[in-house]
Structure formats: C-alpha cells, structure tokens
Amino acid sequence: MLFRSLDQRLLPKTETYLRLENAIDVANAISQMVVRGAPAIGITAAYGVALSAINHVSSLNWKSAIDKDIECLSKARPTAINLHWALEEMRKVIANTSKKNLIDTLCAKATKIHNDDIEANLTMGKLGAELILPGSSVLTHCNAGALATGGYGTALGVIRSAWRDGKIKQVYADETRPWMQGSRLTAWELIKDGIPTTLIADGAAAHLMKTKKIDWVIVGSDRIAANGDVANKIGTYSLAVNARYHDVKFMVVAPTSTIDNRTLNGDLIPIEERSSNELLKFNGQLITVDNAEAWNPVFDIVPINLVDVIVTETGCKYFSNRS
Ligand code: MRU
C-alpha cells in the first residue's frame, strides 16, 4: 500500500503530497498538522494501523509492535475523538482476524472507514441543507470541508449542498488564527467550487452579525459530549455566544464518530494546547516583542444550550432552548 497525504500546511500555494511509510510517520503528520480536521485525522490513523501491520506482521513480536504503533497514533492529538474511534475500530479487526488475513482486512477496514465518512458527509449535507432557506448568508469557522474529512465536508458539505440547491447567497469564513484554516483551506475549497466566499478577521464576527443579515453559523466538531456540548476550533464558543445575542441560528454538523458518549459533558473534553510559537511567530518571524508569552488553546466548548441543531448522518437533533 502506498500512502500519500496532501500537506495542508502548504495550501493554498502548493499542492505537495508527503509519502508516509509507517505509523510513526502518520502520527507525526497528524500532530504536525499535515493532515487535520477530526474525521480526516481518524481516517488517516486507520490507514496508519494498516501500514503498521504491513511493516510488522512478519516479525516475531508483531502484535506488540502494532499495539505500540496504535498507542503512538492515539497520542497524536488529544481533542478529536474520531482518532480514538477509528483506532478502536481497527483494534476490533485485529482481535478478530487471523495473521494471514490481517493486512488485507485492515486495509479494507481503513478504506471502509474512509468511504463511510464520505457517505455520511453527503447525507449530512442533504439534511443540513433542508434547514436553510433560499437567499441565506452563513458564517463558518476553521475548515470543516473535504480536507478535514474523507471528502465533501461536514459544515462545508451542508454549505455545498445548500449552494447546489440555490439557497446560499453568501458565505463568510473566519480566517481562523493562528493556522488560518479559514483563509488557506476553506476559501480554497469554496472558491474552487464557485461559491461566493468572503473572509473576515475572527474578531469581525460580532460586527458582521450586527450589521449584515446572517442566517446561520455552521460549524463542524472535534468531539460532542454525551450531553451535547460541542468541542470545536478555538473561537467557536465566542461565535455561539454572539449568534445567540444577535438571533442567528447555530448548526453543528458532525458524523456519529464524533459523538463521545463516555464523556459526560464538555468540561471533561481534553482541550489541546499547542506551542506558544504558533501565536508569537508568523511564517517563522517573531510578530511580538522578545520574551512575550502566549497561551494557545486550540479548541473550545460550546454548551449545548447555545446550539440550535446538531446534524449527523442519522438525522437532525433540535434544541429548542431560546428564551
Ligand atoms: O486544528 P484543526 O484544524 O484540526 O481543527 C479542525 C476543526 O476544528 C474542525 O472544525 C473540526 O475538526 C471539524 S472537521 C469536519
């Protein structure tokens, strides 16, 4: 199996594919943001387990070598539950497959996880688009598109389907500091599809809601707790607060592999904190004073009472909690 991953760090300027030879390469690609977005992280990790089997199955201690690789993959990023979900699926295959059939069965399972995610996106796209009225303007955050999933996208899948149905007047995309997933990736995807897209600075969202008619905020998620609280890219919480204040509806679009029933509420979801250098530097150049400190949590939690609807591939769940 040849496994190549588009290096999302270089988009939109360069489309370069990195060859990943083993599970450690895959874990590094995930932690270093070559591949990102919760469902895409899970899918990539599943292929990582298949690579691990290819590399180790003929060795004496193949079982513990694969276990070690899975352990390493599981630590690549902490918030996206899709990573743990996919690894659990691969573990089940390992437990129930003979050594002789292991490589083929793991490769087939990783491909199935990938294809099922695309299928789920198409279903969510249709379900979410049904909620959008013609002439709508929407705001999205980070990148929850084809790049972040098996293909098509969660939040961007809904936007794509609604655009196809003639319902979208305008998409606004937060640039999404510090990795600029909005300006580098979301704009890249939507403009390629001919969907009218306007970038805004993250701090412009409240002003946008106050001065333009925004109908929906539509976002993806890295993990949804058992009570419905939603983890997503830092800044999503502030969008949800602002949306409620300005009477803008708030839609979360995520496959069921993002739901974590073992975590009771959002406060218990681990929030990834990345290097302060991601804030202190831009393209390797210091953009603040020497010795400045920075705090860089990269996800936040939207409490369920600020969410109007969660769309999964199994249907829409509505929350009628507006006062
Ligand atoms: O740090 P990232 O780029 O992996 O964060 C991605 C997000 O926050 C997405 O909104 C989320 O994973 C949903 S992707 C369908």
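All heavy atoms count here, side chains included; hydrogens, waters and symmetry mates do not. Just follow the structure's listing: the first ligand is 1, and inside any ligand the first atom is 1.
Within the 4.0 Å heavy-atom shell around ligand 1 one does not find His141. For Thr149, the closest heavy-atom approach to ligand 1 falls below 4.0 Å. Residue Ser221 places a heavy atom less than 4.0 Å from ligand 1. For the pair Glu272 and ligand 1, no heavy-atom separation below 4.0 Å is found.
By the 4.0 Å N-to-carboxylate-O rule, Arg91 lies close enough to Glu88 to be salt-bridged with it. A salt bridge links Glu89 to Lys92: at least one charged side-chain nitrogen sits closer than 4.0 Å to a carboxylate oxygen. By the 4.0 Å N-to-carboxylate-O rule, Glu21 lies close enough to Arg19 to be salt-bridged with it. Salt bridge annotation for Arg262-Asp260: absent, with no cationic side-chain nitrogen under 4.0 angstrom from a carboxylate oxygen.
The shortest N or O to N or O distance between Ala144 and ligand 1 is not below 3.5 Å. Residue Lys233 has at least one N or O atom closer than 3.5 Å to an N or O atom of ligand 1. Some N or O of Gly37 is nearer than 3.5 Å to an N or O of ligand 1, by distance alone.
Side chain to side chain, Thr186 and Asn143 meet the donor-acceptor criterion of an N or O pair below 3.5 Å. The closest side-chain donor-acceptor pair between Arg36 and Gln8 falls under 3.5 angstrom. If you check the side chains of Thr258 and Asn82, you find a donor sitting under 3.5 Å from an acceptor. Side-chain contact check for Thr256 and Glu313: at least one donor-acceptor pair (N or O, by modelled atom type) lies under 3.5 Å. Under 3.5 Å, the side chains of Asn121 and Thr149 contain a donor-acceptor pair of N or O atoms.
In the vicinity of Gln181, heavy-atom distances shorter than 4.0 Å reach the ligand 1 atoms 1 (O), 2 (P), 3 (O). Which parts of ligand 1 touch Met33 is read off a 4.0 Å heavy-atom cut-off, strictly below it: atoms 1 (O), 3 (O). Those atoms of ligand 1 with a heavy atom of Phe299 less than 4.0 angstrom away are 1 (O), 5 (O), 8 (O).
The protein heavy atom nearest to atom 15 (C) of ligand 1 is Thr154 OG1, 3.1 Å. Considering only non-hydrogen protein atoms, atom 10 (O) of ligand 1 sits nearest to Asn232 OD1, 2.7 Å. In this structure, atom 14 (S) of ligand 1 lies nearest to the protein heavy atom Ala148 CB, 3.5 Å. Residue, atom and distance of the protein heavy atom nearest to atom 7 (C) of ligand 1 are Asp222 OD1, 3.3 Å.
With a 4.0 Å heavy-atom cut-off, ligand 1 is reached by the backbone of Ala38 and by its side chain too. Contact annotation: for Trp179 versus ligand 1, there are no heavy atoms closer than 4.0 Å.
In this structure, the side chains of Trp62 and Leu102 come closer than 4.5 Å at one or more pairs of heavy atoms. Leu131 places a side-chain heavy atom less than 4.5 Å from the side chain of Tyr318.
The option from Arg36, Met124, Arg77 that lies nearest to atom 6 (C) of ligand 1, judged by heavy atoms, is Arg36.
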